[in-house]
Amino acid sequence: MPKDDVKETVTTTEPDKAAASSSESKDKLEKIDADSLVKPYIDRITKEQAQKNDYKTKYEDAMKEIEQLRSDKGKSAKEITEEDERTKEIESLKKQNADLNAQIKRSNDIKEVNGIFKKADLNIDEDVLNMVVNEDATLTVSNAKAIINLVNKAREEGKNSILKGKTPTSSGSKIKAPQDDLKRALGL
């Protein structure tokens with residue numbers, strides 16, 4: 001009897017195994033993630049493309065440098081270096097020239113503003129002139145007008161305060177003789 005039992009278990013287990021293995025394979029097929037399978041290939045392809053583009057830019061840069069060297073008409077490295085130094089020196093001189101031109105313009109502006117103040121009968125210090133003069137011409141003009149108006153206002157107020165003084169009044173009752181003044185001065 002044990003032989004029959006073995007056969008039955010074998011026959012019953014084989015179809016069960018087949019059914020179980022087919023359900024597992026269906027689960028495996030359903031559980032396969034396409035993104036995870038393709039990701040390594042995509043990463044490798046993008047890496048290769050980046051290297052290819054890097055080589056391409058290096059190649060283009062090298063070709064540009066070759067063309068530049070060809071266009072230099074056989075100049076030596078020393079001549080090219082000297083030319084670069086001359087270019088740097090020219091740039092430095094241009095900057096220095098621009099600075100000097102700016103200083104000359106400022107000096108001329110200060111002279112013009114000082115002339116305006118002289119016409120207004122004002123003697124303004126150099127420190128105040130430096131504060132008034134600006135790079136913007138309209139701002140310089142408005143500053144000069146403000147200073148002139150300020151001085152004119154101060155003059156007017158000073159004049160008015162002097163004119164406000166009290167007029168002298170005579171007491172009229174006593175006319176003093178010069179002798180009285182002399183006695184008073186001597187303390188008599």
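Throughout, numbering of the chain's residues begins at 1 and tracks the sequence. Remember, it's a predicted structure, so these values are computed and weren't measured experimentally.
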Quick one: side-chain hydrogen bond (donor to acceptor under 3.5 Å, both in side chains) partners of Asp121, sequence neighbours excluded?
-> none

For residues 143-161, which residue pairs qualify under side-chain hydrogen bond (donor to acceptor under 3.5 Å, both in side chains), counting only residues two or more places apart or in two chains?
-> none

Quick one: side-chain hydrogen bond (donor to acceptor under 3.5 Å, both in side chains) partners of Asp43, sequence neighbours excluded?
-> Lys39

Hits for salt bridge (Lys or Arg N to Asp or Glu O under 4.0 Å) against Glu112, two or more places apart or cross-chain, chain-then-number order -> none

Report the residues that fulfil side chain to side chain contact (heavy atoms under 4.5 Å, CB included) with Ile162, sequence neighbours left out, ordered by chain and then residue number.
-> none

Contacts of type side chain to side chain contact (heavy atoms under 4.5 Å, CB included), residue Asn130, not counting sequence neighbours = Arg106, Ile110, Glu126

By side-chain hydrogen bond (donor to acceptor under 3.5 Å, both in side chains), Asp125 pairs with (sequence neighbours left out) none

Mind checking what makes side chain to side chain contact (heavy atoms under 4.5 Å, CB included) contact with Lys118, not counting sequence neighbours?
-> Asn114, Asn123

Could I get the full list of side-chain hydrogen bond (donor to acceptor under 3.5 Å, both in side chains) partners for Lys105, not counting sequence neighbours?
-> Asp109

Side chain to side chain contact (heavy atoms under 4.5 Å, CB included) partners for Gln49, two or more places apart = Ile45, Lys52

By salt bridge (Lys or Arg N to Asp or Glu O under 4.0 Å), Arg44 pairs with (sequence neighbours left out) none

By salt bridge (Lys or Arg N to Asp or Glu O under 4.0 Å), Lys58 pairs with (sequence neighbours left out) Asp54

